[in-house]
Novice: 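Once you've had a glance at the structure underneath, I'll fire off some questions.
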Amino acid sequence: MKNRYILILFGSILIIFCSCGCKPKDCHKDGTCAADNRVFPLGEAKKYLCFNKGSYWIYKNTKTGDLDTQVCEGYLLDNIVEKGTFNHTKHITVRYEYMSRAISSSFNDCYYYDVTAGYNPDALRPLKTIIDRNSSSIGAIEAFFYPFVTNDKEGNGSNMTTCIGLDSTLTVQGKTYYNVAKFDVDRDDVWYNNASYPNAVYYWAKDVGLIKRWNKTENFSWELIEFKIVE
């Protein structure tokens, strides 16, 4: 009997907690809620990610001299509108910019697919542009996110990416780039099929894109030597 009363008491507390915690502050007693429209643009991240089909980047391996030509084979920039589906989120409308692109790699004979994470009105996350990069034959990482907050982290369960800062300038293969964001990937299973999955750093330059990928574990880099951005 005692256990029964405990269960009833626990259930009552849970109901009270849910009814209080789940009701939005802008909802009325009759259950109706004021419209809540939220907009999530890509913002400054566009300068690092959004390049038209036909753009290309050629990288050189600092250890072997091999070249890797990466070409944007497909590109989409769209505006997505989604509405909440739960009683406490039906009044929420989310509009966000969405980017996806497919990049072919001549060296690895595969495609890299970059997509920005969306926003779900039923479980809104803080405003942040996150790039999920996956390979057609290998794995997936979070290769980039914005805003650039030093020591901020994003992960997908198999690896963790840390923003390690923003350099005003960085010289790669004799060319100087500006506003370079750096991301440390503790277990990079995307660039090529390597069972060791090395620790790597990705360098992204404003108005150019990825300019360098440093394999810290094996101590060599793929560095940009030539590129063309299609307007």
Side-chain angles (χ1 to χ4, degrees), residues 40 42-43 45-51 53 55-57 59 61 66 68-78 80 82 96-120 122-149 151-165 180-205 208-218 220-224:
F40 298 95
L42 290 179
K46 282 184 177 180
K47 298 290 186 178
Y48 292 81
L49 306 170
C50 296
F51 306 108
K53 180 179 177 180
S55 299
Y56 68 81
W57 303 261
Y59 302 93
N61 187 308
D66 289 327
D68 184 10
T69 299
Q70 298 188 7
V71 181
C72 182
E73 306 282 2
Y75 170 74
L76 172 68
L77 181 64
D78 201 1
I80 307 296
E82 294 190 14
Y96 63 88
E97 285 187 300
Y98 168 83
M99 189 279 293
S100 68
R101 63 183 185 177
I103 298 177
S104 63
S105 165
S106 64
F107 181 80
N108 293 309
D109 191 26
C110 71
Y111 279 84
Y112 300 121
Y113 300 100
D114 293 338
V115 298
T116 53
Y119 291 88
N120 181 356
D122 296 329
L124 283 172
R125 59 180 176 82
L127 177 58
K128 184 185 292 187
T129 297
I130 304 172
I131 274 288
D132 294 317
R133 165 167 281 205
N134 66 83
S135 166
S136 56
S137 60
I138 310 174
I141 61 171
E142 271 68 43
F144 173 101
F145 48 86
Y146 178 84
F148 306 132
V149 179
N151 294 324
D152 195 9
K153 299 179 184 295
E154 287 294 335
N156 61 14
S158 63
N159 48 61
M160 182 66 68
T161 300
T162 304
C163 178
I164 56 175
V180 178
K182 302 176 295 183
F183 296 89
D184 184 285
V185 183
D186 66 351
R187 186 175 182 272
D188 184 8
D189 58 359
V190 166
W191 194 275
Y192 58 85
N193 192 6
N194 184 331
S196 66
Y197 296 139
N199 179 201
V201 177
Y202 282 71
Y203 300 77
W204 301 80
V208 178
L210 185 66
I211 61 171
K212 178 179 177 179
R213 184 264 194 184
W214 172 34
N215 183 328
K216 294 173 64 177
T217 302
E218 300 172 90
F220 70 87
S221 299
W222 286 93
E223 299 183 350
L224 188 66

Novice: Mind checking whether Trp214 and Tyr202 have ring centres under 6.0 Å apart?
Specialist: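 Distance test on ring centres: not under 6.0 Å, no.
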Novice: Give, for atom OG1 of Thr162 and atom CG of Asp186, the distance between the pair rounded to the nearest 0.5 Å.
Specialist: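 Spacing of OG1 (Thr162) from CG (Asp186) equals 7.0 Å.
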Novice: Would you find a donor on one side and an acceptor on the other, under 3.5 Å apart, between the side chain of Asn215 and the backbone of Phe220?
Specialist: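 It does not hold such a pair.
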Novice: Sub-3.5 Å donor-acceptor pair from the side chain of Asn120 to the main-chain atoms of Asp122, do we have one?
Specialist: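 Side chain of Asn120 to backbone of Asp122, a donor-acceptor pair under 3.5 Å: yes, one is there.
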Novice: For Tyr119, what residues pass the ring-ring contact (aromatic ring centres under 6.0 Å, His included) criterion, not counting sequence neighbours?
Specialist: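 Phe40, Tyr96.
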Novice: In chain order, what residues pass the salt bridge (Lys or Arg N to Asp or Glu O under 4.0 Å) check against Asp152, with sequence neighbours excluded?
Specialist: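 Only Lys128 meet the salt bridge (Lys or Arg N to Asp or Glu O under 4.0 Å) criterion with Asp152.
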Novice: In chain order, what residues pass the ring-ring contact (aromatic ring centres under 6.0 Å, His included) check against Tyr146, with sequence neighbours excluded?
Specialist: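 If we apply the ring-ring contact (aromatic ring centres under 6.0 Å, His included) test to Tyr146, skipping adjacent residues, the hits are Phe148.
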Novice: Find out whether Ser158 and Arg187 are in side-chain contact, i.e. whether some heavy atom of one side chain is under 4.5 Å from a heavy atom of the other.
Specialist: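 Touching, per the 4.5 Å side-chain cut-off.
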Novice: Do Lys212 and Lys182 have side chains that get closer than 4.5 Å, going by heavy atoms?
Specialist: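 The answer is no; the side chains never approach within 4.5 Å.
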Novice: Using only heavy-atom distances, determine whether the side chains of Glu154 and Thr161 contain a donor-acceptor pair under 3.5 Å.
Specialist: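 Glu154 vs Thr161: no donor-acceptor pair found between side chains.
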Novice: Are the side chain of Asn199 and the backbone N or O of Val185 linked by a donor-acceptor pair below 3.5 Å?
Specialist: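 Checking the backbone N and O of Val185 against the side chain of Asn199, a donor-acceptor pair under 3.5 Å is found.
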Novice: Of the non-hydrogen atoms in Ala200 and Arg213, which two are nearest, and what is the gap between them?
Specialist: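 Result for this residue pair: CB-NE, 3.7 Å.
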Novice: Test of understanding: with side-chain hydrogen bond (donor to acceptor under 3.5 Å, both in side chains), list the residues that count as partners of Tyr75, not counting sequence neighbours.
Specialist: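 Residues passing side-chain hydrogen bond (donor to acceptor under 3.5 Å, both in side chains) with Tyr75: none at all.
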Novice: Roughly how far, to the nearest 0.5 Å, is CG of Asn159 from CD of Glu142?
Specialist: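 It is 6.5 Å, given to the nearest 0.5 Å.
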Novice: What heavy-atom pair brings Val115 and Ser100 nearest, and what distance separates the two atoms?
Specialist: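 Heavy-atom minimum between the residues: CG1-CB, 3.7 Å.
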Novice: Looking at side-chain heavy atoms only, is the closest gap between Tyr112 and Val190 below 4.5 Å?
Specialist: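 The answer is yes, as the side chains (C-beta and beyond) meet within the 4.5 Å cut-off.
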Novice: Would you please name every residue forming a salt bridge (Lys or Arg N to Asp or Glu O under 4.0 Å) with Lys216, sequence neighbours left out?
Specialist: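 Testing Lys216 for salt bridge (Lys or Arg N to Asp or Glu O under 4.0 Å), a comparison that skips the adjacent residues, returns Asp184.
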Novice: Between CG of Leu76 and NZ of Lys53, what distance do you get to the nearest 0.5 Å?
Specialist: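 The CG atom of Leu76 sits 12.0 Å away from the NZ atom of Lys53.
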Novice: With distance as the sole test, does Ser104 use its side chain to make a donor-acceptor pair with the main-chain N or O of Gln70 at under 3.5 Å?
Specialist: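 No, Ser104 side chain to Gln70 backbone: no donor-acceptor pair under 3.5 Å.
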Novice: Any side-chain heavy-atom pair from Ile211 and Val180 closer than 4.5 angstrom?
Specialist: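 SC-SC contact between Ile211 and Val180 confirmed.
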Novice: Rounded to the nearest 0.5 Å, what's the gap from OH on Tyr111 to OG on Ser135? Could you check?
Specialist: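 One finds 12.0 Å between OH of Tyr111 and OG of Ser135.
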Novice: Any side-chain donor-acceptor pair under 3.5 Å between Asp68 and Ser105?
Specialist: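 Short answer, yes.
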Novice: Taking the six-membered ring for Trp, are Tyr59 and Phe107 closer than 6.0 Å centroid to centroid?
Specialist: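 Ring-ring flag for Tyr59/Phe107: false, centres at least 6.0 Å apart.
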Novice: To the nearest 0.5 Å, what is the distance between CD1 on Ile131 and CZ on Phe145?
Specialist: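 Going from the CD1 atom of Ile131 to the CZ atom of Phe145 covers 12.0 Å.
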Novice: Less than 6.0 angstrom separating the ring centers of Trp204 and Phe144, yes or no?
Specialist: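 Yes; Phe144 has its ring centre under 6.0 Å from that of Trp204.
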Novice: Applying salt bridge (Lys or Arg N to Asp or Glu O under 4.0 Å), name anything that partners Lys46, two or more places apart in sequence or on another chain.
Specialist: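 With sequence neighbours excluded, Lys46 shows a salt bridge (Lys or Arg N to Asp or Glu O under 4.0 Å) to Glu97, given in chain and number order.
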Novice: Does any part of the side chain of Leu49, heavy atoms only, come nearer than 4.5 Å to the side chain of Leu42, both counted from C-beta?
Specialist: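 No, every pair of side-chain atoms sits at 4.5 Å or beyond.
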Novice: Do any N or O atoms from the side chain of Trp57 and from the backbone of Val208 form a donor-acceptor pair under 3.5 angstrom?
Specialist: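 Yes, Trp57 side chain to Val208 backbone: donor-acceptor pair under 3.5 Å.
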Novice: Just wondering, do Arg101 and Thr116 contact through their side chains at under 4.5 Å, heavy atoms?
Specialist: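 They are not in contact (no side-chain heavy atoms under 4.5 Å apart), so the answer is no.
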Novice: Taking atom CG of Asp189 and atom CG of Asn134, what is their separation to the nearest 0.5 Å?
Specialist: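 Going from the CG atom of Asp189 to the CG atom of Asn134 covers 10.0 Å.
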Novice: Would Val201 and Ile164 count as a side-chain contact (heavy atoms from CB on, under 4.5 Å) if you check the C-alpha gap in whole Å, the side-chain angles of each, and the deciding distance to 0.1 Å?
Specialist: CA-CA 9 Å; Val201 177; Ile164 56 175; 3.9 Å; yes
Novice: If you compare all heavy atoms of Ala117 against all heavy atoms of Arg125, which two are closest, and at what distance to 0.1 Å?
Specialist: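 Shortest heavy-atom separation between Ala117 and Arg125 comes out as O-NH2, 3.0 Å.
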Novice: Is there a side-chain contact between Ile141 and Asp188, using heavy atoms and a 4.5 Å cut-off?
Specialist: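 Yes. Closest side-chain heavy atoms under 4.5 Å.
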